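Below you'll find the structure, written out as structure tokens, and then a few comments.
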Amino acid sequence: MHEPTQPSTSDQLTRVLYGDNFLQEHGFWRRLLTTEPFRRSGGGTPDERLALSYHRLRILNDTLDSGARLAADPRALAALHEWLGPVDPALTTVAGIHYNLFLGSLLDHDPGTPRDLSDFLELRSIGTFLCTEVAHGNDAAAVETTATYDRERDGFVLHTPHAGAQKFMPNTSPAGGPKTGVVAARLLADGTDHGVFLFLAPLTDDLDALPGVRVRRLPARMGSPVDHCLTSFDRYFVPREALLAGEQGRIGEDGRFTSELANRRRRFLLSIGRVTPGKLSMSACAVGSARVTLAIAVRYAGHRLVSGSRGAQRVPVYAHRTHHGPLAGAMATVFAMSLLHRRALDRWESAPAPDRDEAERLVAVAKGWITWRAREVIVECRERCGAQGLLENNGMTELFTGIEGAITAEGDNLAVHAKAAAEMLFSVTVRDEDEEEGPGELDDPRFLGRLLAAVEDIWFDRARDRISAAPAGDPLGRWNAASGPALRGVEAYGYRQASEAYAQAAAALPGGPARERLTELHRLFALQWVARNSGDLLAAGRLTAEQVSSLPDAVERLIATVARHAPALVKSFALPERLMSDWPIAGPGYADAYDDPEGSWHRHRRAGVGGRTVDFRRPVCGSKRRPLREKVAALGTRGVLLAYWGTTSVLSRWFEKPQVSVDESVRPRA
């Protein structure tokens, strides 16, 4: 009998950012990070913070109905990284390794192999992943750790032949509890090298590495503390069932090796297939970190007051174009990152077999493009927050160092983009006929789409011309001649894909404010990229001289429009207020975090109970050491009643609703 309530502008944009299944895919993680065990903690030594991250991993695991279900759901894994990444990067790292790279690899391989996973599902042993070696990073197919088949014992002997073959960076110390690893090693059987496969190997107990395994902590790295180690093997035996078998190969009951794939590189790529969901998770982590940083910067800019043009006037620093201009551009970029991440995830999940390679290439390019853009956004936001942004308690430095890890993890960005560039260099791109038309109107989204496609074509055409002009017989020399413009072409491909995701999302919205806001963001994002490439587009006849001259004014108008709506756009990020309160500068009372109870401003006297005089000392923000009687006296009767009413109201609402709705993708235990 009642008409359904129309969703607000913020709600519509939230669905644009997170997808139509926002509650189902993200609700659980969004609520989890606001519970007390996951609130941002202050201080602590690196070892204490690492112990806290492993403690949180166990709490997280206890809330799941099944760790296997999480490992089998790429969307849930991505959502975990999107929400927990900005709060505890170390937790996100060890959780991603355990559920995706370790447990996911076990689940993806031969399901017919009997293997008890209960220790890993109950976290009696934490999983880790040992692939990269000191001398082999992006060329992981060349790892030199060996797994030699021993017919007499019907198992494999893992061995590290030299220092360069030590496993580099896995979290293999006893910190957090016993560890078990999935180890990438070169399978040798009957004197034949069959390529790199994965092997399940226990590594440590509660206190130390197992006999035959050597673990040494690496020097501390920048960012959140994770127990990164060097790990080596000294003729360490594992049974035949330790091999993660599949169509890439297996050792039969007769001790003979068989494989459905003749190419050893294809065997390896199939074995490490979990790297693709890992790339999606790195993109999600970058998107979440950039959102949080931008939200903090916009909020801080709104309540940080500075002197205005008149001496007595005080205005928010956000009022200045020099301040809100970069943040408006960052807003357009963050929306683009979110939409491209969602586009890559959707395509990879739904791609039929013939389109699988192209979908995986989009995932790889998106990972590099998104993490690089996240770094740009985080650095810009940090600068806009001045010295406050350098302090650890405001979170930005941790997010900056965290994004550096994402840029390198699951394939270094430059190497990943270089691989994509080599694949795309000789591919044939078929454009629609109208895409060959000359200049159009800069406010036409279809024309902007053609311009972004033209930038991509320009750079790949240059790369092809250079490789054709290079001397024959020198493959490396030919690639070196073409690699520069080819990498620019991959970057342009990322911008085009993000712009198309923008256009698709805007077209799906009904007419109204939400569609207007998204269209403004899309135009700002596209025009800033077009402006960077306006010379090439002018030379190619895609833009007129008049359009090139008008670009700065068009961009300025859009910056003013987006900046005006930025505080409301931040609300569409759906960041819980309890989460934001953990970063002092995100609130208007940020100066309270620096209050000094012993400061001279607290030394005034006032009459106390019974005529006694007492010192009134304001507690440090968040302090719980102030006596209850003193707290009550400071609040007064009215304050006590308001506090009581507020607390009971919050608690009643909390207990009336279920903590995790039944439609969410990862449900708690009964």
Side-chain angles (χ1 to χ4, degrees), residues 13 15-19 78 82 279-280 282-291 294 328-348 358-378 380 403 406-407 413 416-417 420-421 424 429 435 444-460 487-509 515 517-533 537 555 558 562 569 572-573:
L13 292 176
R15 286 200 293 271
V16 167
L17 290 170
Y18 297 101
E82 198 165 341
K279 287 183 171 68
L280 287 165
M282 292 301 100
S283 297
C285 191
V287 168
S289 298
R291 277 198 208 110
L294 180 57
M331 184 69 71
T333 300
V334 166
F335 267 79
M337 292 162 54
S338 302
L339 291 167
L340 179 57
H341 167 62
R342 217 64 59 196
R343 183 183 184 89
L345 177 56
D346 291 343
R347 287 197 174 180
W348 180 75
E358 184 177 351
E360 291 191 356
R361 182 163 59 243
L362 176 60
V363 169
V365 172
K367 182 262 180 181
W369 190 92
I370 289 170
T371 53
W372 270 327
R373 300 293 83 75
R375 179 166 63 185
E376 294 169 2
V377 168
I378 292 171
E380 186 66 64
I403 208 64
I407 286 171
N413 280 2
V416 168
H417 275 211
M424 297 171 69
T429 303
E435 294 187 13
D444 181 358
R446 292 174 299 176
F447 176 57
L448 290 177
R450 295 201 298 271
L451 290 179
L452 268 66
V455 173
E456 181 183 342
D457 292 341
I458 286 169
W459 283 110
F460 276 119
L487 285 171
R488 291 290 300 272
V490 172
E491 181 186 23
Y493 169 80
Y495 273 94
R496 177 175 66 83
Q497 289 287 343
S499 180
E500 289 180 0
Y502 251 130
Q504 183 179 359
L509 286 173
R515 187 170 186 172
R517 299 294 83 78
L518 195 64
T519 300
E520 291 157 359
L521 288 164
H522 180 200
R523 287 192 63 217
L524 177 57
F525 170 77
L527 284 180
Q528 286 186 322
W529 177 242
V530 168
R532 286 176 54 185
N533 295 274
L537 292 169
V555 169
L558 285 166
V562 170
L569 291 170
S572 68
F573 295 172

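Just so it is clear, the structure is predicted and the values come from calculations on it, not from any experiment.
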To the nearest 0.5 Å, how far apart are [atom1] in [X] and [atom2] in [Y]?
X	Y	atom1	atom2	answer
L13	F573	CG	CZ	10.0 Å
R343	L340	CZ	CG	8.0 Å
R373	M337	CZ	CE	9.0 Å
N413	K367	CG	NZ	4.0 Å
M282	I403	CE	CD1	9.0 Å
Q528	L524	CD	CG	4.0 Å

Grab the two heavy atoms, one from I378 and one from S289, that are nearest each other, plus how far apart they are.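 The pair with the smallest heavy-atom distance is CD1-CB, 4.2 Å.
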Hey, does [Y] have a side-chain heavy atom less than 4.5 Å from the side chain of [X]?
X	Y	answer
L537	I458	yes
K279	V416	yes
L518	H522	no
L362	Y493	yes
V287	V334	no
V455	W529	yes

Step by step, would you call L452 with E456 a side-chain contact (heavy atoms from CB on, under 4.5 Å)? CA-CA 7 Å; L452 268 66; E456 181 183 342; over 6 Å; no
Atom CD of E358 with >12 non-hydrogen neighbours under 6.0 angstrom: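 No - once you tally the heavy atoms of other residues, nucleotides and ligands closer than 6.0 Å, there are 12 at most.
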Atom CD of E376 with >12 non-hydrogen neighbours under 6.0 angstrom: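 Yes - once you tally the heavy atoms of other residues, nucleotides and ligands closer than 6.0 Å, there are more than 12.
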Test E491 against L487 for side-chain contact (heavy atoms from CB on, under 4.5 Å), laying out the working first. CA-CA 6 Å; E491 181 186 23; L487 285 171; over 6 Å; no
For S338 and R291, run side chain to side chain donor-acceptor pair (under 3.5 Å): C-alpha distance rounded to whole Å, both residues' side-chain angles, the deciding distance at 0.1 Å, then the answer. CA-CA 9 Å; S338 302; R291 277 198 208 110; 3.1 Å; yes
Go through the steps to decide whether T333 and E380 satisfy the test side-chain contact (heavy atoms from CB on, under 4.5 Å), and finish with yes or no. CA-CA 12 Å; T333 300; E380 186 66 64; over 6 Å; no
Do any N or O atoms from the side chain of S572 and from the backbone of L569 form a donor-acceptor pair under 3.5 angstrom?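 Between the backbone of L569 and the side chain of S572 there is a qualifying donor-acceptor contact (under 3.5 Å).
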So, do F525 and F335 have ring centers that fall under 6.0 Å from each other?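 No.
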